[in-house]
Amino acid sequence: MPRDRDEIIADPLAPARPPVRFLVKGRVEALPRRRADKDQVLSWVVAQLVPVHDPVDERTLTDRLAGLVRDPVGIRRELVDAGLLRRTRDGAEYWRTLVTEYDAL
């Protein structure tokens, strides 16, 4: 069945677009104040850097975050507080168990 050329059909399995309005030259310089916006940015960040069920050590995670955010240690804490990352009791290892709208399925 041919579709109208102007018809736009979104792929429900395609990852969501990045929250570009909060990025400065592709980086997160500061988290938005509004909770929904902050959650969106944090979900995007974690999806870029930590595959689901793939543990990373603290140094590796911090180095990855440093390439994408201005405050890697603060964002790492925010990701844990938001429940997007889990960590060992001593903080030596981090992992992700949640799939976000920014993950390609």
Side-chain angles (χ1 to χ4, degrees):
M1 176 173 153
R3 291 192 317 228
D4 183 358
R5 175 169 51 147
D6 297 326
E7 181 183 358
I8 298 173
I9 298 178
D11 180 358
L13 299 178
R17 296 181 61 197
V20 293
R21 70 182 190 269
F22 302 112
L23 304 179
V24 177
K25 295 183 181 178
R27 292 177 48 88
V28 177
E29 294 298 320
L31 286 176
R33 291 179 192 243
R34 203 177 90 169
R35 182 81 243 171
D37 293 336
K38 183 186 281 190
D39 290 344
Q40 180 186 26
V41 171
L42 291 173
S43 292
W44 179 77
V45 167
V46 78
Q48 304 309 299
L49 303 176
V50 184
V52 177
H53 299 298
D54 186 16
V56 295
D57 62 79
E58 181 183 24
R59 169 53 78 197
T60 301
L61 177 59
T62 302
D63 289 347
R64 288 179 186 178
L65 284 167
L68 191 59
V69 302
R70 184 178 57 81
D71 179 14
V73 174
I75 297 292
R76 189 182 69 217
R77 283 189 207 114
E78 290 276 354
L79 291 168
V80 171
D81 290 347
L84 293 167
L85 283 181
R86 308 250 347 203
R87 68 184 187 107
T88 57
R89 188 177 183 111
D90 64 0
E93 192 170 70
Y94 293 77
W95 66 95
R96 183 163 71 105
T97 58
L98 299 173
V99 175
T100 72
E101 64 269 28
Y102 299 102
D103 289 298
L105 298 177

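Since this is a predicted model, take the numbers as computed values, not measurements.
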Problem set entry | Close side-chain approach of His53 to Thr97, heavy-atom, < 4.5 Å | yes

- Task: Check for a donor-acceptor pair, side chain of Asp39 on one end and backbone N or O of Ala36 on the other, with a separation under 3.5 Å.
- Result: no

>> Is there a side-chain contact between Asp54 and Val50 in this structure, where contact means two heavy atoms from C-beta onward sitting under 4.5 Å apart?
In response: no

**Q.** Beyond-backbone contact of Gln40 with Arg34, side-chain heavy atoms, under 4.5 angstrom
**A.** no

Taking the side chain as C-beta and beyond, is there a heavy-atom pair between Arg76 and Glu58 under 4.5 Å?
yes

Between Pro19 and Asp37, is any pair of side-chain heavy atoms under 4.5 Å apart?
-> no

Does Val52 form a side-chain contact (heavy atoms from CB on, under 4.5 Å) with Leu98? I'd like the steps, not just the answer. CA-CA 7 Å; Val52 177; Leu98 299 173; over 6 Å; no

>> Using side-chain contact (heavy atoms from CB on, under 4.5 Å), reason through Leu31 and Phe22 one step at a time and then give a plain yes or no.
In response: CA-CA 8 Å; Leu31 286 176; Phe22 302 112; over 6 Å; no

Given the options Leu79, Val73, Asp71, Leu65 meets side-chain contact (heavy atoms from CB on, under 4.5 Å) only with Leu79

Rounded to the nearest 0.5 angstrom, the CG-CD1 distance for Leu42 and Ile75 is 6.0 Å

To the nearest 0.5 Å, atom CG of Leu49 lies from atom OG1 of Thr62 at 11.0 Å

In short, Trp95 meets Pro55 closest at the heavy-atom pair CB-CA, 4.0 Å

**Q.** More than 12 heavy atoms of other groups within 6.0 Å of Arg86 CZ
**A.** no

Going through the distances and angles, do Thr60 and Asp63 end up as a side chain to side chain donor-acceptor pair (under 3.5 Å)?
CA-CA 5 Å; Thr60 301; Asp63 289 347; 5.8 Å; no

In this structure, are over 12 heavy atoms from other groups packed under 6.0 Å from Arg33 atom CZ? no

- Message: Could you check whether any side-chain N or O of Arg96 sits under 3.5 Å from a backbone N or O of Leu85, counting only pairs where one atom can act as donor and the other as acceptor?
- Response: no

Practice item. Using a 4.5 Å cut-off on heavy atoms from C-beta on, say whether the side chain of Trp44 contacts that of Leu68. Key: yes

